[in-house]
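Letters go in sequence order (proteins before strands), and every chain restarts at 1. Bear in mind the structure is a predicted one, so any value in this text is a computation, not a measurement.
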Amino acid sequence: PSNGNVHDEL
Amino acid sequence: MNAFRLAGDMTHLLSIILLLHKIRAMKSCAGISLRTQELYVIVFVTRYVDLSMKYYSFYNSIMKIVFLGTSISIVWYMRYHKVVKQTYNKDVDTFRHIFLILPCFVLALLINRAFTVIEVLWTFSLYLEAVAILPQLVLLQRSRNIDNLTGNYVFLLGAYRAFYLLNWIYRFFIENHQVRWIPWLSGLLQTAIYADFFYYYIKSWKNREKLKLPA
C-alpha cells in the first residue's frame, strides 16, 4: 500500500 | 484525484450553493435545520485546523476555505438576518446538539489513529459529520411541505458521501491505498442514514409528486 493519506480529502 | 472524488466534492459544493441561493434569493430558510448547519460549522472547523499547517494543493485549500466560509455565513443568515431568521422553523427544530457532539467526542478520544490534538479533532469531525444530518431529517419528517430546493439540497448532500465511498473503493483497488477504517465506516454510516430519504426522494421524483416523508 502507498501513501493512502485521507487527510488530503475534504 | 479521481472522478468519484471530484463528483463528491462538486455535489457537496452544489448542495451549499443551492442552500445559499434559497437563503439569499428567496430570503427563506424554511425547512432548514439550524442545528444541522451549526454541526457542519463544528465539523469544518475541527477538520480543517490543519489548513494553516499543512499544504496539500491549491484546490484543497480553496475548498476548505469555501466550506468554512459558506457554513459560517449560512448560520449567520439563519440566526441574525432580519428577514431570513423569521422563516426559520424554530419550534420543530428541537434536536439537541449535545446528544450528537458528546458521544462523537468520546468516541474520537477512544478510537483514533493517533492520540494527538489534530488526529482526535479530525476523527471527531468524521464521526460528527456522519450524524450531523439527523436534525435536518427530523425536521423534514415534521414538515408538511418540503420545497424542491430543500429536497434537492438534502439529496445532493447525501450523494456527496456516496461518491466518496466510490472514491475510497477506487483509491484502495486502483491506487493501492491503505485500509482506512475510520473514514470508511463513518462515511458508510453517513450514507446509510440517507437511505430512507433517498427512497422517498426518488419515488416522488418518478411519480412527479411533491416530496413528503412519512411521519
So does B/Arg47 pair up with A/Glu9, basic N to acidic O under 4.0 Å?
no
Is B/Lys54 salt-bridged to A/Asp8, cutoff N-O under 4.0 Å?
no
Given heavy-atom pairs under 4.5 angstrom as the criterion, report whether the side chain, backbone, both or neither of [X] touches chain A.
X        : value
B/Phe67  : side chain
B/Phe172 : neither
B/Asp9   : side chain
B/Tyr160 : side chain

Heavy-atom count around B/Phe105 CZ within 6.0 Å, excluding the residue itself: above 12?
no
Should we count OH of B/Tyr55 as having more than 12 external heavy atoms under 6.0 Å?
yes
Can you tell me which of B/Arg5, B/Lys64, B/Met1 forms the most heavy-atom pairs within a distance under 4.5 Å of chain A?
B/Arg5
Partner chain A: residue of B/Tyr164, B/Tyr48, B/Phe44 with the largest heavy-atom pair count (under 4.5 Å):
B/Tyr164
How long is the straight-line distance from CG of A/Leu10 back to OH of B/Tyr59, given to the nearest 0.5 Å?
5.5 Å
